[in-house]
Each structure stands twice: as structure tokens, then as C-alpha cells.
Novice: 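Below is a structure I'd like to ask you about.
Every value quoted in this text rests on a predicted model; they were computed, and no experiment measured them.
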Amino acid sequence: MKVEVHVWDWPLRLFHWLLVAAVVGAYWTGKVGGEWTDWHGRFGSAVLGLVVFRLVWGFVGSTHARFANFFPTFSRIAAYIRGEWLGAGHNPLGALAVFALLAVLIVLAGTGLFANDDIAFEGPLFDLIDKDLSDKLSGWHLRSVNVLLILVGVHVAAILFYQHVKKAGLIGAMLTGKKQLPRSLAPADATPAGPIRLIASIALALSVVWGVWGGEPLQALAKLAGVQNVQAGNKL
């Protein structure tokens with residue numbers, strides 16, 4: 001007998017769909033270029049903020065949102081391959097996909113901050129490094145897009161497999177937060193994170209985006225470093 005279990009909290013589900021929209025927007029505007037280049041930067045900012053939120057939420061969120069709950073250890077992966085894994089959240093292979101996607105998005109967002117297209121776009125932190133390094137990071141940024149496309153393709157294929165072959169209903173679960181599980185596998189009620197942790201996570205994510213695009217703290221540090229370098233040069 002199966003029972004309905006609440007697994008995914010609403011902040012995690014909202015993050016998921018906002019990230020889908022931001023990644024699609026960033027990819028499309030990056031391909032089109034031209035007058036859409038500024039929008040590529042905006043969508044990239046959204047990806048950055050969302051990834052920061054997810055990293056924080058992976059430590060302070062509700063039970064099944066926390067990385068410790070589904071981290072793909074060797075023993076968990078081996079148990080899953082043997083058909084012995086029991087769990088309500090991400091299975092170990094799904095967890096590998098989650099961490100791989102987050103890693104690539106971190107590289108994309110990080111390199112994009114320093115990237116340039118030699119025409120109209122410069123990342124918000126472009127002035128903090130020299131042009132040669134920016135060009136190298138721009139190359140890494142473009143290559144990372146190809147890796148992301150491969151991972152997204154694998155991710156979508158896996159979802160469709162579980163949805164239509166294994167009848168797992170993953171799409172519905174990511175919309176409602178609820179999964180149908182055998183009563184014997186139904187976990188105890190998930191520990192909620194609470195509004196304070198949610199507000200703090202959102203505030204930290206917004207602060208990072210503001211810091212790199214508003215740039216006031218970073219500009220101040222850059223100016224301070226410049227003054228110190230000048231003073232050191234004068235002493236020499």
C-alpha cells in the first residue's frame with residue numbers, strides 16, 4: 001500500500017523552477033547576443049543568486065533539501081545499484097546529477113563575472129583582472145555551456161525514464177512536493193526549516209548578487225588595494 005508523503009519543501013521547488021527559467025533565459029540570450037547581451041547578464045545574475053541560495057539551503061533547509069540527506073556516498077550508490085537503497089528524496093544517481101549540475105553552474109556563474117565578448121559585454125568583475133585572464137575565463141565559460149547541455153540532456157532523459165517507465169511521478173513531485181511511497185518506506189515528517197532560515201538564505205543570495213553587480217564593496221577593496229600598491233611603489 002502506498003501513502004502520500006511530503007518530501008520537497010516549497011522553497012526548494014520554487015528554486016528548481018526559477019533556475020530552469022533563468023538557465024533557459026541565459027542560454028537563449030547568450031546565443032542571440034546583440035541587444036539581448038545585457039539580458040544574458042541579468043539571467044546570469046539570477047542563476048548566481050539561485051545557486052547561492054541552494055548552497056545555503058543545502059545546509060539549513062528542511063530535511064530532504066539538505067545535502068547530508070542525499071549526498072551520494074559510495075555505500076549509497078552501491079546499495080542503489082544492488083536494488084537495496086531505501087529513501088524518499090533524491091536517489092544516489094539523482095544526487096550525483098544534482099551536484100554535477102550545481103558544480104557546472106558555479107563555474108558558469110563564476111567565470112561569467114569576469115568574462116567579456118570583445119564587443120559590448122564585460123562581466124561586473126572584469127576590471128579586477130587583466131584582459132588575458134578574462135579571455136581565458138570567457139573560453140571556460142563557453143566550454144562549460146556545452147557541459148551543461150550534456151548534463152541537462154541526461155537529467156531530462158532520466159526524469160522521463162522515471163516518469164514513464166518506472167512510474168515515479170517525479171515531475172508532479174517537484175510541483176506539489178509530494179511523492180507516493182510504500183508505507184514501509186514512508187519517512188517520518190520532514191523537519192521544517194522555519195522562516196528565519198529562509199529569510200537569511202534569501203538575504204545572503206541577494207547580497208552576493210548585489211555585491212558583484214552593485215560592486216560598492218568590491219570597488220572599495222579594489223581602490224584600497226590600488227592605494228596600497230602605489231604606496232609600496234613609492235617606497236621602492
Novice: Just to verify, what does Phe43 make a side chain to side chain contact (heavy atoms under 4.5 Å, CB included) with, not counting sequence neighbours?
Specialist: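 Partners of Phe43 by the side chain to side chain contact (heavy atoms under 4.5 Å, CB included) criterion, ordered by chain and then number, come out as Ala26, Thr29, Trp39.
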Novice: Within the distance-only criterion (no hydrogens, no angle test), does the side chain of Arg66 pair as donor or acceptor with the backbone N or O of Gly61 below 3.5 angstrom?
Specialist: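 Pair found, side chain donor or acceptor close to backbone of Gly61.
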Novice: Mind running side chain to side chain contact (heavy atoms under 4.5 Å, CB included) on Leu12 and Phe53 for me, showing each step along the way?
Specialist: CA-CA 10 Å; Leu12 183 63; Phe53 170 81; over 6 Å; no
Novice: Could you tell me whether the side chain of Ser134 and the main chain of Asp130 form a donor-acceptor pair under 3.5 Å?
Specialist: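 Pair absent, no side-chain N/O of Ser134 close to backbone of Asp130.
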Novice: Nearest 0.5 Å, what's the OH-NE2 distance between Tyr27 and His40?
Specialist: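 The distance works out to 11.5 Å.
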Novice: For residues 143-151, run the donor-acceptor check on the side chains, cut-off 3.5 Å, and write out each pair with its distance to 0.1 Å, sequence neighbours left out.
Specialist:
| unit_1 | atom_1 | unit_2 | atom_2 | d |
| --- | --- | --- | --- | --- |
| Ser144 | OG | Trp140 | O | 2.7 |

Novice: Roughly how far apart are His141 NE2 and Asp135 CG, rounded to 0.5 Å?
Specialist: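 Reported value, rounded in 0.5 Å steps: 13.5 Å.
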Novice: So do the side chains of Phe70 and Asn91 get within less than 4.5 Å of each other, counting heavy atoms only?
Specialist: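 No, their side chains stay 4.5 Å or more apart.
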Novice: Contact between Leu93 and Pro72 at the side-chain level, heavy atoms closer than 4.5 Å - yes or no?
Specialist: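 Side-chain contact under 4.5 Å: no.
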Novice: If we only count heavy atoms from C-beta on, is the Trp8 to Leu175 side-chain gap below 4.5 Å?
Specialist: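 Of all side-chain heavy-atom pairs linking Leu175 with Trp8, none is under 4.5 Å.
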Novice: Quick one: list whatever passes salt bridge (Lys or Arg N to Asp or Glu O under 4.0 Å) with Asp38, sequence neighbours left out.
Specialist: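 Salt bridge (Lys or Arg N to Asp or Glu O under 4.0 Å) check on Asp38 returns nothing, list empty.
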Novice: Quick check: does any side chain N or O of Arg76 sit under 3.5 Å from a backbone N or O of Pro92, one acting as donor and the other as acceptor?
Specialist: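 No, because the side chain of Arg76 does not come within donor-acceptor range (under 3.5 Å) of the backbone of Pro92.
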Novice: Can Asn69 and Thr63 be counted as having a side-chain donor-acceptor contact under 3.5 angstrom?
Specialist: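 Short answer, no.
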Novice: Tell me if a side-chain donor or acceptor on Ser138 pairs with a main-chain N or O of Asn116 at a distance below 3.5 Å.
Specialist: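 Judged by distance alone, yes, a pair lies under 3.5 Å.
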Novice: Under a 4.0 Å N-O cut-off, is there an ion pair linking Asp118 with Lys131?
Specialist: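 Judged by the 4.0 Å cut-off on N to carboxylate O distance, Asp118 and Lys131 do form a salt bridge.
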Novice: Is the distance between the ring centroids of Phe71 and Phe99 less than 6.0 Å?
Specialist: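 Yes, the ring centres sit under 6.0 Å apart.
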Novice: Looking at Val208, is its backbone amide N or carbonyl O close enough to the side chain of Trp213 to form a donor-acceptor pair, meaning the two atoms are under 3.5 Å apart?
Specialist: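 No, Trp213 side chain to Val208 backbone: no donor-acceptor pair under 3.5 Å.
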Novice: Working to the nearest 0.5 angstrom, can you tell me the gap between Arg54 CZ and Leu101 CG?
Specialist: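 These two atoms lie 11.5 Å from each other.
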Novice: Tell me the closest heavy-atom pair linking Ser201 and Val56, and the distance in Å.
Specialist: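 Minimum heavy-atom contact is OG-CG1, 3.3 Å.
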